[in-house]
Amino acid sequence: MDNFGKKEQIWHEPKELKNPFSKLGGTLDRLILLETVWNNVLGSRAKYWVLDAVKEGTVYVKVNVMTARHELKLKEKEIIKELNKNFEKPWIKRISVI
């Protein structure tokens, strides 16, 4: 920690991403796959539900149209199930609309 009590930022080298035991590399692979899977699972609806962020199993989505917001909330469990089928271990727990 520095003098101001802030946690020191940890920098990673590109070679770490190639290490199969690197947590960072696995996380990046999962995020890249999520974007592809998101578009494939949602098809034309993906233009209304835009991925914004992911944190601790929650996918944060920006919604362009109010009716799309309601549809997303109604189909959340079904979408999560379909998304998780594409990963070795299910990791998506919820979808939050921002």
Side-chain angles (χ1 to χ4, degrees):
M1 293 193 143
D2 62 13
N3 295 337
F4 299 105
K6 294 182 181 178
K7 188 176 179 181
E8 185 177 321
Q9 185 171 1
I10 299 171
W11 293 94
H12 297 276
E13 295 181 24
K15 66 183 177 184
E16 286 182 70
L17 300 177
K18 294 180 182 176
N19 180 348
F21 300 105
S22 169
K23 185 176 180 183
L24 180 62
T27 301
L28 287 176
D29 288 346
R30 196 166 56 180
L31 293 176
I32 291 167
L33 180 58
L34 174 60
E35 183 151 10
T36 301
V37 168
W38 181 263
N39 291 322
N40 289 338
V41 167
L42 299 177
S44 63
R45 294 178 293 180
K47 66 182 175 186
Y48 300 108
W49 303 333
V50 180
L51 286 174
D52 187 64
V54 176
K55 184 177 181 181
E56 298 173 358
T58 300
V59 176
Y60 294 91
V61 178
K62 288 185 180 179
V63 180
N64 301 331
V65 181
M66 187 59 78
T67 55
R69 175 185 296 262
H70 294 296
E71 183 181 0
L72 179 59
K73 291 313 284 178
L74 287 172
K75 296 185 177 191
E76 178 181 6
K77 289 181 182 178
E78 177 185 332
I79 293 168
I80 290 170
K81 183 178 178 181
E82 288 300 313
L83 292 172
N84 278 327
K85 283 182 183 179
N86 294 280
F87 297 94
E88 264 184 50
K89 291 182 181 178
W91 63 277
I92 301 170
K93 296 176 184 145
R94 66 184 285 253
I95 298 174
S96 181
V97 178
I98 55 172

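Treat the numbers as computed from the prediction; the structure is a model and nothing was measured. No hydrogens, no waters, no symmetry mates; every other heavy atom, side chains included, goes into these values.
The CD1 atom of I92 sits 14.5 Å away from atom NZ of K81, with the distance rounded to the nearest 0.5 Å. Interatomic distance, I98 CD1 to D52 CG, rounded to the nearest 0.5 Å: 3.5 Å. Atom-to-atom distance recorded for R45:CZ and E71:CD is 5.5 Å, nearest 0.5 angstrom. Taken from CG in N39 to CH2 in W49, the straight-line distance is 12.5 Å, to the nearest 0.5 Å.
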Dump the intermediate steps for side chain to side chain contact (heavy atoms under 4.5 Å, CB included) on V41 and N86, then the final yes or no.
CA-CA 10 Å; V41 167; N86 294 280; 4.2 Å; yes
From CA spacing to verdict: salt bridge (charged side-chain N to carboxylate O under 4.0 Å, His left out), K85, E82:
CA-CA 5 Å; K85 283 182 183 179; E82 288 300 313; 3.0 Å; yes
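Within a 6.0 Å sphere centred on NZ of K73, heavy atoms belonging to other residues, nucleotides or ligands number more than 12. Within 6.0 Å of the OH atom in Y60, the count of heavy atoms belonging to other residues, nucleotides or ligands exceeds 12.
Both L31 and L51 sit in one connected hydrophobic cluster of ILVMFWY residues. Membership requires side-chain heavy atoms under 4.5 Å apart, directly or through other members. Under the 4.5 Å side-chain contact rule for hydrophobic residues, V59 and F87 share a cluster.
Contact record, I95 with V61: CG2-CG2, 3.6 Å, taken as the closest heavy-atom pair. The two atoms that bring K47 and N64 nearest to each other are O-ND2, 2.9 Å, heavy atoms only. The minimum heavy-atom distance linking R69 with V63 is given by the pair N-CG1, 3.3 Å. Nearest heavy atom pair, residue W91 against residue N84, reads N-OD1, 3.1 Å. In terms of heavy-atom proximity, I80 sits nearest to R94 at CD1-CA, 3.5 Å.
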